[in-house]
Amino acid sequence: MRLVDGKLTAHSPPSPLSSLPAHAHAPHRHPPPAPSTATSAAPPSAALCPAPGTPLSARRTSHELPQPGARWQQKGLSPRQQRADLVATYSFGENEVYKQGSRLRGQWPYPPALPLAAGEVVVPVANCGVREYNSNPKEQMLLRDYISYWKDYIQGGYSSPRGCLYLKDWHLCRDSLAEDVFTLPMYFSSDWLNEYWDILDVDDYRFIYMGPAGTWSPFHADIFRSFSWSVNICGRKKWFFFPPGQEEALRDCHGGLPYDVTSPALLDSQLYPMREHCSPPLEVTQEAGEMVFVPSGWHHQVHNLDDTISINHNWVNGCNLANMWHFLQQELRAVQQEVSEWRDTMPDWHQHCQVIMRSCSGINFEEFYHFLKIIAERRLLLLAKGMGHGEVEDSQDTRLGRQQAAFDVSRIAEVLASVVAHPDFQRLDTSMFSLQPEELLQQLEEVMVTTASL
């Protein structure tokens, strides 16, 4: 689950309750890490920031943040003030940080610092100390105001009357200020979800997370049962992973999933009667510069052990497309069950279920078909151009081999055949579709026969 020196490593301790500091069981309060008493201790950058240009597979133990240490000594800053100074420097590109980042654009894990104008960008911020259903309420803030809050939070002993605020789900890549911030590792370049949304130019699933030690993300599984990856630019994260199906044993007596799997409330057998049937979570401590891959459908919970900045992507491709389709069918069944009492009295009940499903899940059966159609048409075009050649290149400047394109076509055809046969999809009015689903499926099957003979 964690890439270190080219190997995936993980361990599975007995209980999430035993592996977090005591304050982690009370999310509304997060004391700071104990400061070092050694007068010769390395500056906080040693824990927070990886050395520029270090390979992704290497552990980040160097102290090579560009030159803040001398400035701290000149100013006589305390360790707490040093952390606050580091936050501002790392976020807004002061002096050498910006120069180093600009040279290393596109390399892991060192990012280009943001220009000062980015401080005027509005970002989503969650309050980790307040529960809203099984998540945290969000507000909108200017980035510069959040950075100022973060500095004050550190200097205030990791406490603030405003609570423990976490900048999360910031769509940095859709901001013109952040063009070409980084490039994808080859292993994650087959990314249909963001390919689709980039074509529509309305959304994406690329995010920046930034927050002080103690910020966290409650228990959840990723959207559409997508894959996801997360790279720590600086800081450390603690992950708790549960394989698909294990979350069922964590449901409470009302059928709800837990908000916090580290809460002592899970030890209450009356409230969580199936808890004893749940295997221990897989625990991973993600260091600065390391990438964590989250498999499709794995529920997880994440805590920032240090002041942390990370890049996160959700993505779908041929390897988990069937999981996405299965999830969408489950979502529709859940909606239909919730509104079943109005089935016989509500006109267009099935259409209303699709509308409700889209508002809850972000997509319905019709949009899922359009998603498949766009990716399929692009792969068919690539194969038509690339017949007889080793590789073809798409408009996003990614290299796609013939075998990869053929694999994508086969997976789309497999799922599309199930979609076309689904009774609820057959109830949709497809008369205005530019390409009928059955016609698209026929095209895919014909290409599969052609490519199989090559």
Side-chain angles (χ1 to χ4, degrees), residues 133-135 169 188 190-197 200 203-207 217-230 240-251 255-259 261 278 293-302 312-340 350-376 408 410-428 437 441:
Y133 300 102
N134 265 22
S135 188
D169 300 325
F188 303 137
S190 179
D191 180 352
W192 300 3
L193 202 58
N194 288 300
E195 180 181 350
Y196 171 71
W197 286 111
L200 298 186
D203 201 358
D204 72 349
Y205 288 92
R206 309 177 184 98
F207 307 106
S217 294
F219 186 65
H220 68 284
D222 288 324
I223 188 168
F224 306 146
R225 297 303 181 260
S226 59
F227 296 137
S228 69
W229 58 258
S230 174
F240 299 99
F241 287 104
F242 293 83
Q246 286 292 304
E247 75 280 358
E248 295 303 320
L250 294 174
R251 292 189 182 276
L257 290 172
Y259 167 69
V261 295
C278 184
F293 166 72
V294 182
S296 184
W298 284 57
H299 281 71
H300 52 281
Q301 182 169 311
V302 192
N312 306 269
H313 278 211
N314 294 97
W315 91 102
V316 170
N317 59 29
C319 295
N320 65 340
L321 181 65
N323 293 343
M324 181 179 181
W325 170 230
H326 179 68
F327 167 73
L328 295 178
Q329 293 175 80
Q330 287 182 318
E331 289 293 286
L332 181 60
R333 284 196 297 269
V335 169
Q336 291 174 336
Q337 184 175 351
E338 286 293 320
V339 297
S340 59
H350 288 285
Q351 179 59 30
H352 283 294
C353 288
Q354 293 284 338
V355 172
I356 296 170
M357 174 188 175
R358 191 179 191 282
S359 67
C360 295
S361 306
I363 193 172
N364 58 17
F365 279 17
E366 179 177 342
E367 186 161 13
F368 182 63
Y369 168 70
H370 290 303
F371 166 70
L372 296 178
K373 173 178 172 291
I374 285 178
I375 301 301
D408 290 353
S410 68
R411 288 303 178 96
I412 295 171
E414 179 182 333
V415 170
L416 181 57
S418 176
V419 171
V420 169
H422 197 284
D424 285 290
F425 184 80
Q426 293 175 353
R427 291 187 177 96
L428 299 180
L441 180 59

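- Taking the six-membered ring where the residue is Trp, the centroids of H313 and F188 are separated by 6.0 Å or more.
- Of all heavy-atom pairs spanning L416 and P437, the tightest one is CD2-O, 4.0 Å.
- By the 4.5 Å heavy-atom criterion applied to side chains, Q330 and H326 are counted as neighbours.
- For the pair C278 and L250, the minimum side-chain heavy-atom distance is below 4.5 Å.
- Rounded to the nearest 0.5 angstrom, H299 NE2 and E248 CD are separated by 8.0 Å.
- Distance check, rounded to the nearest 0.5 Å: OG of S361 to CG of L332 gives 9.0 Å.
- Panel note: side chain S296, backbone R225; a donor-acceptor pair is recorded below 3.5 Å.
- Put simply, CG on L428 and NE2 on H350 are 10.5 Å apart, with the number rounded to the nearest 0.5 Å.
- At a threshold of 4.5 Å between non-hydrogen side-chain atoms, the residues I412 and W192 count as touching.
- At a threshold of 4.5 Å between non-hydrogen side-chain atoms, the residues Y205 and D222 do not count as touching.
- With ring centers used as reference points, H300 lies under 6.0 Å from H220.
- Across all their heavy atoms, F368 and V419 have their closest contact at CE2-CG2, 3.7 Å.
- One distance of note links SG of C360 with CZ of R358; it measures 12.0 Å at 0.5 Å rounding.
- For the pair E195 (side chain) and I375 (backbone), a donor-acceptor distance under 3.5 Å is absent.
- Put simply, the side chain of Q426 gets close to the backbone of V420: a donor and an acceptor are under 3.5 Å apart.
- Smallest separation of non-hydrogen atoms from S418 and W325: OG-NE1, 2.8 Å.
- Looking at heavy atoms from C-beta onward, L372 lies in side-chain contact with L321 at the 4.5 angstrom threshold.
- For the side chain to side chain donor-acceptor pair (under 3.5 Å) with D424, the lone residue among Q336, Q354, Q329 that qualifies is Q336.
- Between W315 and F227, the distance from one ring center to the other falls under 6.0 angstrom.
- Remark: R206 CZ to N312 CG distance equals 13.0 Å, nearest 0.5 Å.
- Counting heavy atoms from C-beta outward, M324 and V415 have side chains that stay 4.5 Å or more apart.
- Ring to ring, F425 and F365 are not that close: their centroids are 6.0 angstrom or more apart.
- Listed for the Q301 side chain is a donor-acceptor partner under 3.5 Å among the backbone atoms of V261.
- Rounding to the nearest 0.5 Å gives a distance of 5.5 Å between CG of D203 and CH2 of W197.
- Side-chain contact between S230 and V294 is absent, with no heavy atoms from C-beta onward closer than 4.5 Å.
- Remark: side-chain polar atoms of N323 are not paired, donor with acceptor, to backbone N or O of F224 under 3.5 angstrom.
- Remark: side-chain polar atoms of N314 are not paired, donor with acceptor, to backbone N or O of S226 under 3.5 angstrom.
- The shortest side-chain heavy-atom distance between F371 and E367 does not fall under the 4.5 Å cut-off.
- Under the 4.0 Å criterion applied to side-chain N and carboxylate O atoms, R411 and D408 are not assigned as salt-bridge partners.
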